[in-house]
Amino acid sequence: MIASQWVWLAVAFPLAGFLVNGALALRRAPATTAVSIVGPGVLLAAFAVSLGIFFGLLRDPPHQPHMVPLWSWMPVGSLDVTLAFQVDQLSTVMLLVVTGVGSLIHLFSVGYMREDPGYARYFAYLNLFVVFMLVLVLGSNLPTLFIGWEGVGLCSYLLIGFWFSEKANADAGKKAFIMNRIGDFGVLAAMFLLWRELGTLEFADIAARAPAGLAPGGAIVTLITLFLFLGCTGKSAQIPLYTWLPDAMAGPTPVSALIHAATMVTAGVYLVARTNVLFAMAPLSSALVAGVGAVTALFAATIALRQYDIKKVLAYSTVSQLGYMFLGVGSAAFAGGIFHLVTHAFFKALLFLGAGSVIHAMHHAYHATHSHEDAQDMRNMGGLRQHMPVTFWLMTIATLAIAGIPPFSGFFSKDEILASAFARGAEMPVYYVFYAFGLAAALLTAFYMARLIAMTFLGDNRSGAEERRHLYEAPWIMTGPLLVLGILSVIGGVINLPVFAGGHHALEGWLEPVTAAGAAFARVELPHGSTELALVGGAVLVGAVGLLLGYRATLTRKTPPAREAPADTGLALVLNRKYYVDEIYDAAVVRPLVWLSRVVLWKGVDQGLIDGAAVNGSARVSRGFGWLGSRLQTGQVGVYVVFFLVGALWILRAMIR
């Protein structure tokens, strides 16, 4: 437990990086070398601390979380919230993912962003993002978690709108910030209810008091979990609050990798796993979590089928994969959901950074001909395998992982989630529907990822003869992190190998002290024997068929460059325009709110009532009284004497009465 005492260093290192890089960003002279050392260096130091904590827990696994108090934050009567970190099996897993994958993304950023004039500012924001994510996953209570929860929302706004001089980028940052505020209301409401019902906001106390203080399946625990899940839908981009995440592609590509793979969007899944006892006690809420996850997984996968921007395909893929994680935790497979969170961090970071290498090369190629508006459009790529073989093979590995092909990491985590949903169907038949949705989403996932690889790397190159001269593999500082993520995408499944593959669900056993409270109310028994093998075989077959169909559908027809491509029509247009959800939100929510703000609140209330009636009205009344008073000032002494006598007589009469 001695190593756990130093957990604050994992937060202090990136915080120091933020301060140093923030100071360097204020200098007129660039300090590229210093930023390149400090930015990734503090993350590597935090990762080293995380490894020390992990090995300490591995030697002496605790049955109770180890608390590291920092200071008393809110001592108000019976409410005494301490700013403290909680070190246990779940927070350690998240600690390793955030600092480990985050370190690789920081290293990649050195090569990707080095020529940007805002290089120091970029790393300051990136370091701060990790600080808040670590506070989120280490917080021992909901208020401390909420600091990180809001902090990553702030940093997402800063990083998504990093190139804020373009209005579209600034709007994307604002959209992410505002839509997350909707979900944050749910977390606040859940905190108030938990304090009223249990008298605590500490996670350890909630797990201990909830079984006795709340009625399983009752209205209160259902309401608390629904509010918590509202927050999760915003932070983890689930229906209906998912539309901000695809727009987050406006930020630099490494930011997309950090947000989509290792940090912000996984916060909702983590919160459900952390409060697993509450969701296990609320079967209606758990079914809703699983249902929303399954629908989101399938819905987002259909949209990804017809996107052309390479980052947009991966963005909707992230929304879909997050749906899988919620399907897992909603099926009471809390360890399974975290398992997919970890493997997804590996292969999705690899996909985004690989896409970053492609975009880096394409931007250089298009810059040579003074045209870069279509550098991210896959229709302008093709044949990049010859120019970027390392990136091609590594992204192919990630594609096989996300498609669920054994023995890659995504196969084991996705299979466990689908098996858990199928197993819960014996208790609640609606889970069979969720399982079917998940299986259909797996087919579409394999299809659109095969399409991405084929359009980007295979076939004829569509960049142009002059542009091809500038296509090349990324430098080692960018390719090195890809190699590490490629290895993790291959072997990552070993952390929770099932019995049929020679394992013993190691991650599930590791997380058992955290998930035990929820397991007392809802436990999923995975299928065994022939049923298990049939489910596994079906999942692998679906992935393989999806890959084959995706390759054939893409390579058997000629793909023209973007400027020569015919416009989409019919269903293809609907998918390309994302079912017009953004337009519907704009017509149903944004425009009415703008009208209400401008016409009713601004012109009616502010200008009409406050300015017109209150401020200007009182001024008119005062001016009127002043005018009347001025009429009495005639300058004639006789008139003043008459007024004086009348007043004196009136006072005398009043006194006599």
Side-chain angles (χ1 to χ4, degrees), residues 297-308 310 312-314 316-318 320-321 323-324 340 343-344 346-348 350-351 354-355 358 378-379 381-386 388-389 391-419 422 435-462 486 489-490 493 501 533-560 568 571-572 575-576:
L298 181 58
F299 179 78
T302 61
I303 297 176
L305 292 173
R306 205 63 184 182
Q307 299 304 306
Y308 299 108
I310 189 171
K312 282 290 180 72
V313 176
L314 298 179
Y316 281 103
S317 171
T318 298
S320 180
Q321 295 302 306
Y324 271 108
H340 197 56
T343 61
H344 177 263
F346 299 154
F347 60 70
K348 185 53 63 69
L350 176 54
L351 286 169
V358 170
M378 295 185 297
R379 292 172 294 185
M381 300 177 187
L384 295 186
R385 175 184 177 181
Q386 300 175 12
M388 309 180 70
T391 302
F392 163 70
W393 285 111
L394 290 172
M395 287 191 71
T396 299
I397 288 172
T399 296
L400 294 172
I402 196 175
I405 303 300
F408 300 94
S409 60
F411 159 71
F412 296 104
S413 56
K414 185 181 290 188
D415 177 72
E416 183 170 340
I417 288 173
L418 291 174
F422 185 86
Y435 166 78
F437 279 22
L439 204 60
L443 175 68
L444 298 183
T445 299
F447 185 96
Y448 67 67
M449 286 307 305
R451 172 178 176 266
L452 182 149
I453 294 294
M455 288 186 72
T456 304
F457 293 100
L458 304 180
D460 297 327
N461 182 264
R462 299 177 293 276
S489 297
V490 174
L533 294 178
L535 292 174
V536 171
V540 173
L541 179 62
V542 162
V545 169
L547 288 174
L548 178 62
L549 293 177
Y551 281 122
R552 287 180 60 84
T554 307
L555 295 178
T556 54
R557 64 180 67 179
K558 181 178 175 59
T559 301
D568 287 323
L571 179 60
L575 296 179
N576 180 254

Just to verify, what does Phe346 make a ring pair (Phe, Tyr, Trp, His ring centres under 6.0 Å) with, not counting sequence neighbours?
none
Nearest non-hydrogen partners of [X] and [Y], listed with the distance:
X      : Y      : value
Asn461 : Gly382 : ND2-O, 2.7 Å
Gly486 : Ile397 : O-CG2, 3.9 Å
Ala446 : Gly543 : CB-O, 3.3 Å
Ala355 : Ile310 : CB-CD1, 4.0 Å
Leu350 : Ala398 : CD2-CB, 3.6 Å

Suppose we screen for side-chain hydrogen bond (donor to acceptor under 3.5 Å, both in side chains). Which residues come up paired with Gln307, at least two apart in sequence or across chains?
none
Would you please name every residue forming a side-chain hydrogen bond (donor to acceptor under 3.5 Å, both in side chains) with Thr456, sequence neighbours left out?
none
Using atom types as modelled, flag every donor-acceptor pair under 3.5 Å from a side chain in residues 553-560 to any protein atom, sequence neighbours excluded.
residue	atom	partner	partner atom	Å
Thr554	OG1	Gly550	O	2.8
Thr556	OG1	Arg552	O	2.4
Arg557	NE	Ala553	O	3.3

Side-chain contact, heavy-atom cut-off 4.5 Å: Leu351 with Thr399?
yes
Indicate yes or no: at least one non-hydrogen side-chain atom of Tyr316 is less than 4.5 angstrom from one of Leu305.
no
How long is the straight-line distance from NZ of Lys312 back to CG of Leu452, given to the nearest 0.5 Å?
14.0 Å
How long is the straight-line distance from CD1 of Ile303 back to CG of Leu444, given to the nearest 0.5 Å?
11.5 Å
Would you please test Leu314 and Met449 for side chain to side chain contact (heavy atoms under 4.5 Å, CB included) and show each step?
CA-CA 9 Å; Leu314 298 179; Met449 286 307 305; 4.2 Å; yes
Side-chain donor-acceptor contacts of residues 404-412 below 3.5 Å, not counting sequence neighbours, with atom names and distances?
residue	atom	partner	partner atom	Å
Ser409	OG	Ser489	O	2.9

List in chain and number order the residues that pass side-chain contact (heavy atoms from CB on, under 4.5 Å) with [X], two or more places apart in sequence or in another chain; answer none if no residue qualifies.
X      : answer
Leu535 : Ala419, Phe422, Tyr435, Pro527, Thr531
Leu549 : Phe447, Val545
Ala572 : Arg306, Asp568
Phe457 : Val358, Leu384, Arg385, Thr391, Phe392, Met395, Ile453

Looking at Gly438, is its backbone amide N or carbonyl O close enough to the side chain of Tyr324 to form a donor-acceptor pair, meaning the two atoms are under 3.5 Å apart?
yes
Is the side chain of Arg379 donor-acceptor paired with the backbone N or O of Arg462 at a distance under 3.5 Å, no angle test?
no
Residue pairs passing the side-chain hydrogen bond (donor to acceptor under 3.5 Å, both in side chains) test with at least one member in residues 442-455, sequence neighbours excluded, are Ser317-Tyr448
Once the angle between the rings of His340 and His344 is folded into 0 to 90°, is it parallel (under 30°), tilted (30 to 60°) or perpendicular (over 60°)?
tilted
